[in-house]
Every structure is written in C-alpha cells, then in structure tokens.
A.B. asks: 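Take this structure first; my questions come after.
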Protein chains: 2
Amino acid sequence: MKKAPTIRDVAAAANVSVSVVSRVINEGSGPVAPATREKVVATIAELNFRPRAAARELSQGQGLTIGLVLADLTNPFFASLADRVVWEARGRGVQVVLMTTQEDSHVEAQSLATLLDRSVGGVIATPTGGNVDQWKRLQDVGVDVVFVDRSISELENVDVVSIQNNDSAATATEHLLDLGHTRIALISGPSSTSTGRARVDGYRSALERVGVQVDPDLIRGVPFRGDAGADAATALLALPDRPTALVVANTAQVQSTVRRLFQTGVRIPDELSIIVFDDNPWTQLVTPPLSVVRQPIDLLARHSVDLVVGRMGGKLPRQARTVEVQAEFVSRGSCSAPGRVLG
Amino acid sequence: MKKAPTIRDVAAAANVSVSVVSRVINEGSGPVAPATREKVVATIAELNFRPRAAARELSQGQGLTIGLVLADLTNPFFASLADRVVWEARGRGVQVVLMTTQEDSHVEAQSLATLLDRSVGGVIATPTGGNVDQWKRLQDVGVDVVFVDRSISELENVDVVSIQNNDSAATATEHLLDLGHTRIALISGPSSTSTGRARVDGYRSALERVGVQVDPDLIRGVPFRGDAGADAATALLALPDRPTALVVANTAQVQSTVRRLFQTGVRIPDELSIIVFDDNPWTQLVTPPLSVVRQPIDLLARHSVDLVVGRMGGKLPRQARTVEVQAEFVSRGSCSAPGRVLG
DNA sequence: TATAAAAGTGGAACCGTTACCACTTTTGTA
DNA sequence: TACAAAAGTGGTAACGGTTCCACTTTTATA
C-alpha cells in the first residue's frame, strides 16, 4: 500500500518547480517552454502521477463534480436519464454524485445539504416539489441548478430542460380525439409543478379546439410518489360515465398505473385506449404494445449537462435558460376507436 | 453569493480553538467539556456551518465517498442495484460517485483511474472482465473493492457478493427437466467470469443428475455487451435439433434476448419455454409473464455497502469475503411441457 | 496534603493543489 | 544598440480541515 506521487515529487524528478508542473497539468494557465513541458509530461507519465481531486477542489473552491438528484432509479425513465447524464458528464471530464430522494422532500433536503459540503459545481435534478429555500441557498453559494423533466414554479432563475409539455399532451389528446374518443382522461403530475400544469393545458386546449367539453373529473393531477397513478386509474374506471381513453402523462406513475390496468383486466384497447408518456423498453413487449410519447432522453441529458458544465466553466449568460425539446408520438397498438359502452 | 463559514469562523464565534471545534464535529476524537461542546454546537447551528468534504478528504487522505461502477443503467437490474446501493450508502453517510462502462473495458479503465484521484474509500463494481492490473493498483493504494453479481477470477482478495449461482442455475434447469424437457439451452455470461462458469456448472450438474446428455451446442457463454444474447437465441433456434427450453442466465442480456424472441414470433411457452435471471418489473407485464430467478437486489446492495463501508471504517478482517445470497425461483407462465417438434 | 493521572484546551504543522507575484531571460522594435 | 515587452521560471501564501504535541486545569489515589 504505497502512496501516490505528488506534484512535488514530479517537480523534483523533473528538476523544475511545482509551479511549472501545475501549469503543465492545467494547460493554458501560464507559459511553459516546449522543452520543459515535454520533460514534465514524461516525468508525469513515468511516475504515474495524477493530481488529487480533493486538493484541487480545496484550492479552487470547486471541483469537477456535479450532483444528480433523482427520484428513484427503479423507474426506467430516471434510470435512462442517469445513464445518459453520467455518460455525457464523463465525456466532459466531470464526475457525477448520484442521490435518490424516493420522492421524499425531506430526503431531498438532506441531499442538497450534502451536495453543498461537497462543493459541487452544479446540480441536475428532478425536484420533488418543496425545499424552495434549500434550492435558493444552493444557488446563493454559486451552485448552478438545472431542473430536468419537471420544475417548480416558486423558484426562479433556474435552467429547465424538458420536452414541450403543452404540445406533447395536445398531440396525444388529438390522436385520441381523431379516433373518435370524447371521454378522454388525463393523469398528470401535481399542479404545483410547471410540467404538470403545462400538460393539463395542452390537453385542455386540444379538447377545446374541437369543442369537446372539459370534464374536471377526468383530470387527475397526482403526486409522483407511491401508487397515486394506479389509484387514479382505478377511480377513473369506477366513474359512472367511464372514460374510453386515458393519457398517463406523469412519467413517475406510468409503471404503477399500467400494472394496475393489467391486473384489473380492462381490455386494451377495446375498453380503454391508453397513451403513456415516455418510451420504456418494455412498452413494446407488453400486449398490446403501448402507444407512447417518446421523450428524447439523450437530448434531455445532453442539454442538462451542457448547461450545468457551461455555467461552471463560467461563460454562459447568467440569465436562466429554458430548453424545450420536441417529443415524438409513437403510435402502437394501445389505441383504437371507442367501443360500445359496457354494462 | 456569500461564502460559507469555516471552522475558524466557528472557533472565533464560540471563543474556542479550532481544535475544539474539530473534536466536536468528529465525536470521539478527543475530550471536550460538556459546557464547551454545547456552546460550540450552538454556534455551529447558528452559523449554519458544515465542514467541507474536500478539506477533510485532503487532510485524512480518504473521504466518505465510494465509487459505483456499473455497466449500464438501461438494464433494470443494474438500475435497481444502483438505486439500492445509493440508498444504503446514504443511510451510512456515504456518497456515491456513479460511473458507467457500457461494458467497455477501456472505459472501465478510465473510470478506475478517475476513482483513484478522487481518493474514494472503496469501489463497488460489476467488472467488465479485463483491467486486472488496474484493479490491483486500486487495491494497492488501499481502496477496497467489492464485486457484485459478477467477479473475475484473475483477481484475488476481492470481496464478492452474488447469488448462489450454481444452485440457482440448477434449480431453473431442474424445473424444466421436471416439465419433461431434455433439450434445454443455456445462455450464460462469458466463461472468463466466475459467475458465468458457476451457472454453467449448476446447469450441467442438474442435467447429469438425471442422466441427460450435455450438448455443448446448447451452452452459450456470451459477452455482456451488445446483442450477443439475442444473437445466441437466434442461433439456438436455427439449430437442426432445436431446444425446447431456454434459460437466460446472463442478466445483461435478458432484455435484448427476450425482445428478439418476441420479434421472432416464437410461441412461448408452446414452442419454447423460457426462464430468465432476474425479476424486472416488466417480466410480469409481458404475455406470457416470465418465470424468473429473482435476485434479492436489496440484499446484494446491502451486503456490498456493508462490506465496503466496513472495510473503510477499518475493522473488518483483511481476509476477502464471499457473500452468497439465495435467489428465489418464481414460476409464472413462460414454461410448459415440451410441445411436439415442429417442421 | 502531595502527587500522579486524566481531562480539557490551544498552537501549529500538514495534506496536495492553485494562483499570485517577483524575478530572470528572451524576443522584438525603435 | 538600447530598452520595453513578453516569455519562462520559482517562491510561497492561501484553501479548510485533522492531528499531534505541549500546556494547564481538574480529579483521583496514596
């Protein structure tokens, strides 16, 4: 268990000062004669020297690390997002500290505090909803915050990366309208999130555009946590005037909702047409394969990382930015014209 | 963008020396009078002081961070594992730096190097297979390494946490034998991994126990990467004397294999009975629901974290430990007695 | 009551970088 | 040829904790 060489070891071995070595490591931080550089590079390779992240971080007050705060990796959407974020970050020499909140805002608060002592350069997160003060504090000390997929309205000056929520919901709704449905239900995120509201808006305007009355009973803004989506689905099916179609626009609730639907034995699409947000691997494997609104996860990840790394690098306007990427509607077998009303 | 208070600020405000504050922070590192402690604690709360991780890490040479090196979060097995590991670590005050290798050993090598400069206390990984030297180096500098699910034989003195691979494969095979199958194929991990070999062994001995001839054509040790599993499945189906049952024991390849099977249109279980390793959420949603060998992911995670944190804490025997937890066979609809041979 | 041991406290070196400044050597230009 | 500007180099103070050691006060024991 020998210990690693330090910058001083390199300096000594190469017969230069530590300053020079530091300049070699951080290309562009000062002049170094070509011959000297070469010598130092060789020595570094020979000694297998790697600068210690902690020292660097301490000295410059901020390291090449970002925090990724997600709800729960059990959900394929978040999992894929994490996968892409880690990958994109890696390409930029940035490490990712992962934290999960399990949709619990108390846990989230703790995570933020931890991220603070780690002096991360930035945070990419799908916020649970509360903790406005903590988010503010994070920004106060200069940590850049990027929200992906969701965002909370109380917090201003945050970058947000998401799909065009309004349009996507509208497209899905229109698809069902075109098939002849009029009783279309919507399960969306909580209305405290901008995402949740935007999707409801898109749904609303699609209905209104063709003159279909909006029935508030058919709109469910459910929390991300727990089995709220499944329960909403059950409730919707129990309605006297049952919906013939359902859009599940709360990504966190898709899995539980679909499972419940399958368990209940509703015939899809005969009894109920469904469209879910986000294209997971399994949406094609089930019977019937699900029509989905596919979120371009790779783009979401790329933009998030770009934003957070860009701001860390310093040269991005301080103005918060909202990036909206286009989602793609993929029609598969889970939608059809409405059947006769049962029983 | 004000800056955070330091230990010296606290010391000044509380009228004590930094040493005392340090001792208060690190309970048990030295004596502090009750009254003093109380005063310091109050000051810390008042100033909202939190010790900076980087400084601590630099000074003691090792921080409360572990690396988690996984192949790919797109696979639900790894995703769930990550979810649980992060959670377990959090409970112990440890942060997790996540890296993905995409099953590329070159990427893995880079990740290990990075982990090295971050001076993590330990690493939990599903190794790709190569990089024996890098793993050794990591151990040399005192980083504890725990392999989960897979392990590589060239590396000794590593903790390994996995299911009872031999038994699990045997159980699955026996289940198929009991149904009357004799031509049972196996897709397992590469034989360079102990996991891959153990599963083949289990399969073998199950067959031999009942006197069924082992046909090497039916055993495929495929790499974790790419569509190797799917291709193996295709190849198996093209065999003159086609198998009537298949065990997919390479977790990384389950998804791609099953997808291919569905696309091909093989009738399950009529034409082919299948059992896959690991119980993902979607295995119940497909038709027919898949019989699986369920890995207790939470246990795998817990033990891994326990091991790595335990060693960091210092007081675990230096002897490497192998933890094997029991997997559970869950019978669902994807297996039946062999049908007549087609064509 | 003397005296050794334990408890409590403070000072300062150290961990491995970066960054600023001072200094020397080139190089370019009038 | 003289002299200013630029290039190259080294010294050293931060950064914010931990830890060892020395010192002063208690407390316990003979």
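Any value given below was found using the heavy atoms of this structure, including those in side chains, with hydrogens, waters and symmetry copies removed. Just so it is clear, the structure is predicted and the values come from calculations on it, not from any experiment. Just so we're on the same page: letters track the sequence lines, and every chain starts at 1.
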A.B. asks: Could you state the CZ-P distance from A/Arg118 to D/dC15, rounded to the nearest angstrom?
C.D. replies: 21 Å
A.B. asks: According to a strict under-4.0 Å criterion, is A/Ser22 in side-chain N/O contact with OP1 or OP2 of C/dT18?
C.D. replies: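 Yes, such a contact exists.
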A.B. asks: I'd like to know if B/Arg92 and B/Glu88 make a salt bridge, using a cut-off of under 4.0 Å between side-chain N and carboxylate O.
C.D. replies: yes
A.B. asks: Within the pair A/Arg52 and C/dT17, is there a side-chain N or O less than 4.0 Å away from OP1 or OP2?
C.D. replies: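 It does not, given that no N or O in the side chain of A/Arg52 lies less than 4.0 Å from OP1 or OP2 of C/dT17.
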A.B. asks: Could you check which of D/dT9, C/dT17, C/dT18 has an atom nearest any side-chain atom of A/Asn26?
C.D. replies: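 Closest nucleotide to the A/Asn26 side chain: C/dT18.
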A.B. asks: For DNA chain C, whose closest nucleotide is more 5', that of B/Ser17 or that of A/Ile25?
C.D. replies: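 Taking each residue's closest nucleotide, the earlier one in sequence belongs to B/Ser17.
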A.B. asks: Looking only at side-chain N and O atoms, does A/Ser194 offer a donor or acceptor that is under 3.5 Å from a partner on A/Ser151?
C.D. replies: yes
A.B. asks: For B/Ala71 versus B/Phe78, what's the shortest heavy-atom pair and its separation?
C.D. replies: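 Looks like CB-CE1, 3.7 Å.
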A.B. asks: For the side chain of A/Arg23 and the base of D/dG10, is some donor closer than 3.5 Å to an acceptor across the two?
C.D. replies: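 Per atom types, the contact qualifies.
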A.B. asks: What does B/Pro51 touch in the nucleic acid at a heavy-atom separation under 4.0 angstrom: a base, only the sugar-phosphate, or nothing?
C.D. replies: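 Sugar-phosphate, no base atom in range.
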A.B. asks: Touch check for A/Arg50, heavy atoms < 4.0 angstrom, all strands: base, sugar-phosphate only, or nothing?
C.D. replies: sugar-phosphate
A.B. asks: Report the nucleotide, chosen from D/dC15, D/dG11, C/dC15, that has the shortest atom-to-atom distance to any side-chain atom of A/Ser19.
C.D. replies: D/dG11
A.B. asks: Using a strict 4.0 Å threshold on nitrogen-to-oxygen distance, state whether A/Asp159 and A/Arg311 make a salt bridge.
C.D. replies: yes
A.B. asks: Does a distance-only test, which skips hydrogens and angles, find a donor-acceptor pair under 3.5 Å between the side chain of A/Ser59 and the base of C/dG16?
C.D. replies: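 Not at all, since no donor on one side and acceptor on the other fall under 3.5 Å apart.
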A.B. asks: Please give, in whole Å, the distance from C/dA19 P to A/Glu27 CD?
C.D. replies: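 The distance from CD of A/Glu27 to P of C/dA19 comes to 15 Å, rounded to the nearest Å.
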A.B. asks: Contact class for A/Val16 (heavy atom, under 4.0 Å): base, sugar-phosphate, or nothing?
C.D. replies: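 Sugar-phosphate: the residue A/Val16, judged by heavy atoms under 4.0 Å, touches backbone atoms but no base.
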A.B. asks: Show, in sequence, the C-alpha distance, side-chain angles and deciding distance for A/Arg150 and A/Glu103, and conclude whether the salt bridge (Lys or Arg N to Asp or Glu O under 4.0 Å) test is met.
C.D. replies: CA-CA 13 Å; A/Arg150 316 167 178 174; A/Glu103 301 285 13; 2.7 Å; yes
A.B. asks: OP1 or OP2 of D/dC15 sitting under 4.0 Å from any side-chain N/O of B/Thr6?
C.D. replies: no
A.B. asks: Can a side chain N or O of A/Ser29 be found less than 4.0 Å away from OP1 or OP2 on C/dT18?
C.D. replies: no
A.B. asks: What integer distance in Å separates A/Asp9:CG from C/dG16:C1'?
C.D. replies: 10 Å
A.B. asks: What is the distance, rounded to the nearest whole Å, between atom CG of B/Leu47 and atom P of D/dG16?
C.D. replies: 14 Å
A.B. asks: Given atom CG of A/Leu116 and atom P of D/dG16, what is their separation to the nearest angstrom?
C.D. replies: 14 Å
A.B. asks: Nearest to the side chain of B/Ala33, which nucleotide is it out of C/dG8, C/dG16, D/dG8?
C.D. replies: C/dG8
A.B. asks: Under 3.5 Å, is there a donor-acceptor pair between the B/Arg118 and A/Thr65 side chains?
C.D. replies: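 A pair is found: one side chain offers a donor N or O, the other an acceptor, under 3.5 Å apart.
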A.B. asks: Which one, C/dT9, D/dG16, D/dT9, comes nearest to the side chain of B/Arg8?
C.D. replies: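 Out of C/dT9, D/dG16, D/dT9, the nucleotide with an atom closest to B/Arg8's side chain is D/dG16.
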A.B. asks: Could you state the atom-to-atom distance from CG of B/Asn15 to P of C/dG10 in whole Å?
C.D. replies: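 B/Asn15 atom CG is separated from C/dG10 atom P by 8 Å.
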A.B. asks: Rounded off to whole Å, could you give me the CZ-to-C1' distance for the A/Arg56 and D/dG16 pair?
C.D. replies: 18 Å
A.B. asks: Quick one: A/Arg37 CZ to D/dA7 C1', roughly how many Å, whole number?
C.D. replies: 13 Å
A.B. asks: Using the side-chain heavy atoms of A/Leu58, tell me which of these nucleotides is nearest: D/dG17, C/dT17, C/dG16.
C.D. replies: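 In terms of side-chain proximity for A/Leu58, the closest of D/dG17, C/dT17, C/dG16 is C/dG16.
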